[in-house]
Amino acid sequence: KTQQRSILGFFAKK
Amino acid sequence: MLEARLEQANLLKKVVDSITNLVQDCNFDCNDSGIALQAMDNSHVALVAMMLRSDAFSPFRCDRNIALGINLTSLTKVLRCAQNEDILTLKAEDAPDVVNLVFESAESDRLSEYDIKLMDIDQEHLGIPDTEYAASITMPSAEFQRITRDLLALSESVSIECTKEGVKFSCQGDIGSGSVTLRSHTNVDNEDRNVSIDLSEPVSLMFSLKYLSNFCKASGLSSRVKLSLSNEVPLLVEYALPSNSFLRFYLAPKIGD
């Protein structure tokens with residue numbers, strides 16, 4: 001089972 | 001104030017068409033280096049980053065930072081009023097309520113002028129780390145579009161595996177499974193057809209085909225596309241634009257629980 005990750009988990013808010 | 005003249009309205013038309021399915025409202029950040037845009041889709045799965053450098057315009061003038069908050073549906077409506085070959089000039093004051101678009105035909109004396117009301121968009125900017133990707137694949141954009149479309153007919157997700165053997169796009173769906181493998185390839189007649197694979201370590205990642213197929217709307221902007229991958233980080237899909245400008249899409253992977 002795979003889950004779609006959020007881009008926010010990789011790129012931090014500035 | 002901003003004044004930016006593009007030789008062909010087509011470039012901006014295509015850029016906006018390429019991102020309008022992912023992003024509804026966004027800021028076009030203008031400064032002396034050019035016009036940039038960064039926006040996430042509503043689900044926060046993908047990120048669009050565009051840069052139109054000042055060199056892509058002639059002339060380009062923007063003496064301070066101006067954020068143009070634009071609804072892309074509105075922009076699309078106005079850009080449809082431009083012929084592809086028209087010269088397009090964007091203009092805005094320093095603290096603008098509207099952005100002004102002028103379309104000029106190079107062949108006739110027609111001059112069209114439109115204003116789009118601007119919005120206040122509180123957009124968060126994400127810091128995109130400089131990444132040394134484990135694998136980069138440069139290939140014809142039409143080929144990537146075709147692979148994406150073909151596999152989307154079978155499945156929601158694609159696995160992209162890059163090894164020294166080549167790059168394999170594969171999917172599994174209800175009706176069965178499919179895969180397309182590409183190897184490095186040099187076409188002596190047409191270098192646009194080349195496939196080049198630059199690999200420092202093997203990569204295997206899974207992505208949503210729906211998003212990839214949205215990114216492929218940018219295929220008309222460039223004959224080539226570059227995919228950059230590292231394990232467990234977002235995929236970068238990049239279309240090069242004139243004057244070192246670019247349209248980049250980042251897509252978060254699907255990862256096993």
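Letters A, B, ... are given to chains in the order of the sequence lines, protein chains preceding strands, and every chain is numbered from 1. If you're wondering where the values come from, they're calculated on a predicted model, not measured in any experiment.
The minimum heavy-atom distance between B:G127 and A:F11, with the atom names listed, is O-CB, 3.6 Å. Closest approach of B:A252 to A:R5, counting heavy atoms only: CB-O, 3.1 Å.
More than 12 heavy atoms of other shown residues, nucleotides or ligands fall within 6.0 angstrom of atom CD in B:Q123. Taking a 6.0 Å sphere around CD of B:E93, one finds it holds 12 or fewer heavy atoms contributed by other residues, nucleotides or ligands. Under a cut-off of 6.0 angstrom, the local environment of NZ in B:K254 is crowded, with over 12 non-hydrogen atoms contributed by other residues, nucleotides or ligands. The neighbour count for B:D63 CG, taken as heavy atoms of other residues, nucleotides or ligands under 6.0 Å away, is above 12. For B:E143, the CD atom counts as densely surrounded, since its 6.0 Å shell holds more than 12 non-hydrogen atoms of other residues, nucleotides or ligands.
In this structure, A:S6 contributes its side chain and B:H44 its backbone to a donor-acceptor pair below 3.5 Å.
The CE atom of B:M206 lies 13.5 Å from the CD atom of A:Q3; values are rounded to the nearest 0.5 Å. The NZ atom of A:K13 sits 13.5 Å away from atom NE2 of B:H125, with the distance rounded to the nearest 0.5 Å. Taken from CD in B:E124 to CG in A:L8, the straight-line distance is 7.5 Å, to the nearest 0.5 Å. The OH atom of B:Y211 lies 10.0 Å from the CD1 atom of A:I7; values are rounded to the nearest 0.5 Å.
Side-chain contact between A:F10 and B:P253 is present, with heavy atoms from C-beta onward closer than 4.5 Å. Taking the side chain as every heavy atom from C-beta outward, A:Q4 and B:I255 never approach each other to under 4.5 Å.
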